[in-house]
**Q** 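Mind looking over this structure? Questions follow.
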Amino acid sequence: MEKLVWLVVFVNSFTFFHAILELTGTHNTEGIWKSSITLPCIYGPSPDFVQQTVIWTLVRDQSPATVFRRDSSGDHILLSRYRGRVSVPKYRPGDVSLEIEKLEVRDSGDYTCKVTWRAQDKSLLTRERTTTVKVVKVAVTKPIIRAGPLGFTVPKGARTSLTCSAKGSPPITYRWFKGEPGGNTVLVSNHAVLMFDSLRTSDMGKYYCEAENKASSQVMQQSDAVQLTVRDLMKPATTVPSSENKANTTAKPVSERDLITTALASGRDVRVPETHEVTAGYRGTGLPLYLIILMVVLCVAVVFVVVTVILCRRKTKEDNPYEVTYQNTRNDTRRQTCLGVNGKCKYEEGKPTVKNNFMTQPVKENEYETISIKENAECKILVNAMESEYEVGDVQ
């Protein structure tokens, strides 16, 4: 009975470890010429078994050859034509898949993955799995044009790109043309991506691309033409009169930063919106506000000065000429005082009297002569008085 129990435990353990260390992968796969391929070979790692070696062999035309070997000394690529093109993951426990880059047609064949483990009792366990690989050349497909983040309608001066994408066996060559297939075209680029560093108005138009590869027969495919529109944000829109309200409509420029932010947020083609500002019959002059205010102030000052000058001149013309007559009458009278002493007389000079006559009324032409005669008479009296004074002095 005890022997039977040990036998059951051994069988179960063998079945368990056999399931854990079973290699999994695919039996048949197809690779595209000049592309990459991965041949899966995966197992469930166990702490009771330690991986010793990994060997990948290729059987072609019944001739086996070792492509890759991993042991305690490291990784080794034994076929020279695979050097630099094959690898096996190092840091993924249980994954010993073979990766082949730049597939050639002669890489077709049967690839066998062989893994050897060492158990705790020093025994060795080996598992194998074979995958058949067929390398084919695939003709290029019809290319598709993809626009950049701003779409096919892009503001002037912005940076954008157009990408031509096709499937098939590499290498695939691309060419870009401006125009439509079958019409007048211009070759603009020999790369898959057509770049525009700063869009100009002359860049507007239709574009298409061609894709070509070297399959069994050289095949060239053309894409559909797409329209690239360059929008000038600083150009105002034309005024469109309305039947109800004939108002001036002016387009306000849209910020390129806002446009790009909207395009990146939505992830789709964005057309530049036109914001219309309606004014009641007013068309902007384009002058700064401070210049307008300065012109108004100068105009008011000029008008004020002109009005002041006109009023002053009118007042001067209306005034009548007045002549002020100054009359200064000096009556020098000599009073003779006789004291009766020795028969002598003493003369006393009287105090002069000054009389100022100011006439505020206008003087008529015939009054000038009267005033002149009056003044002459007074002058004579004064002269006579002075002469008599001098004579009396001489007598004394």
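Bear in mind that the values here come from a model prediction, so they are computed numbers and not experimental data.
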**Q** Indicate the atoms forming the closest heavy-atom contact of A119 with F49, along with that distance.
**A** CB-CE2, 3.5 Å
**Q** Using modelled atom types only, decide if a donor and an acceptor are shared between the side chain of N184 and the backbone of G179 within a distance under 3.5 Å.
**A** no
**Q** Sorted by first residue and then second, give each salt bridge (Lys or Arg N to Asp or Glu O under 4.0 Å) pair with at least one member in residues 143-155; sequence neighbours left out.
**A** none
**Q** Distance alone, cut at 3.5 Å: any donor-acceptor contact between the side chains of T38 and S97?
**A** no
**Q** Determine the minimum heavy-atom distance between G168 and N213, stating which atoms define it.
**A** C-ND2, 4.1 Å
**Q** Looking only at atom types and distance, does a side-chain atom of T153 sit under 3.5 Å from a main-chain N or O of T229, one as donor and one as acceptor?
**A** no
**Q** Closest approach of S189 and L194, non-hydrogen atoms and distance?
**A** CB-CD1, 3.7 Å
**Q** So, the side chain of N28 versus the backbone of E30: is there a donor-acceptor pair under 3.5 Å, distance only?
**A** no
**Q** Please tell me if the side chains of R70 and V88 come closer than 4.5 Å, counting only heavy atoms from C-beta onward.
**A** yes
**Q** With rounding to the nearest 0.5 Å, note down the distance linking OG in S198 to NZ in K156.
**A** 9.0 Å
**Q** Working to the nearest 0.5 Å, report the span between CD1 of I100 and OG of S36.
**A** 9.5 Å
**Q** Under 3.5 Å, is there a donor-acceptor pair between the side chain of D107 and the main chain of E104?
**A** yes
**Q** Could you walk me through whether R127 and W117 satisfy the side chain to side chain contact (heavy atoms under 4.5 Å, CB included) test, starting with their C-alpha distance in whole Å, then the side-chain angles of each, then the deciding distance to 0.1 Å, before giving a yes or no?
**A** CA-CA 9 Å; R127 293 288 183 269; W117 298 271; 3.4 Å; yes
**Q** Would you indicate whether I144, at its atom CD1, is surrounded by more than 12 heavy atoms from other residues, nucleotides or ligands within a distance under 6.0 Å?
**A** no
**Q** My understanding is that only residues two or more places apart in sequence, or in another chain, count here; which of them pass side-chain contact (heavy atoms from CB on, under 4.5 Å) with D61?
**A** none
**Q** Ignoring hydrogens and geometry, is there a side-chain-to-backbone donor-acceptor pair from R175 to N190 under 3.5 Å?
**A** no
**Q** Roughly how far apart are L103 CG and K137 NZ, rounded to 0.5 Å?
**A** 12.5 Å
**Q** Establish, from distance only, whether the side-chain atoms of Y43 and Q51 form a donor-acceptor pair under 3.5 Å.
**A** yes
**Q** Students often mix this up, so state it plainly: with edges at 30° and 60°, are the rings of F177 and Y208 parallel, tilted or perpendicular?
**A** parallel
**Q** Residues in side-chain contact (heavy atoms from CB on, under 4.5 Å) with S63, at least two apart?
**A** none
**Q** For the hydrophobic clusters of this structure (ILVMFWY residues joined by side-chain heavy atoms under 4.5 Å, transitively), does one cluster hold both V193 and Y174?
**A** no
**Q** To the nearest 0.5 Å, tell me how far I145 CD1 sits from C164 SG.
**A** 6.0 Å
**Q** Once side-chain contact (heavy atoms from CB on, under 4.5 Å) is applied, do any residues pair with T126, and if so which ones, sequence neighbours excluded?
**A** K114, T116
**Q** Among residues at least two apart in sequence or on other chains, which ones pass side-chain contact (heavy atoms from CB on, under 4.5 Å) with V307?
**A** V303, L311
**Q** Show every salt bridge (Lys or Arg N to Asp or Glu O under 4.0 Å) that has at least one partner inside residues 182-200, sequence neighbours left out.
**A** R159-D197
**Q** Using only atom types and a distance under 3.5 Å, with no angle test, would you say the side chain of S223 pairs donor to acceptor with the backbone of C209?
**A** yes
**Q** Quick check: does any side chain N or O of R85 sit under 3.5 Å from a backbone N or O of K102, one acting as donor and the other as acceptor?
**A** yes
**Q** Please check this pair: side chain of T185 against backbone of K178, looking for a donor-acceptor N/O pair closer than 3.5 Å.
**A** no
**Q** In this structure, are over 12 heavy atoms from other groups packed under 6.0 Å from H76 atom NE2?
**A** yes
**Q** Looking at M295, I'd like to know if its CE atom is crowded, meaning that more than 12 non-hydrogen atoms belonging to other residues, nucleotides or ligands lie closer than 6.0 Å.
**A** no
**Q** Do T132 side-chain atoms and D110 backbone N/O form a donor-acceptor pair below 3.5 Å?
**A** no
**Q** Has T66 got a side-chain atom pairing as donor or acceptor with F68's backbone, closer than 3.5 angstrom?
**A** no
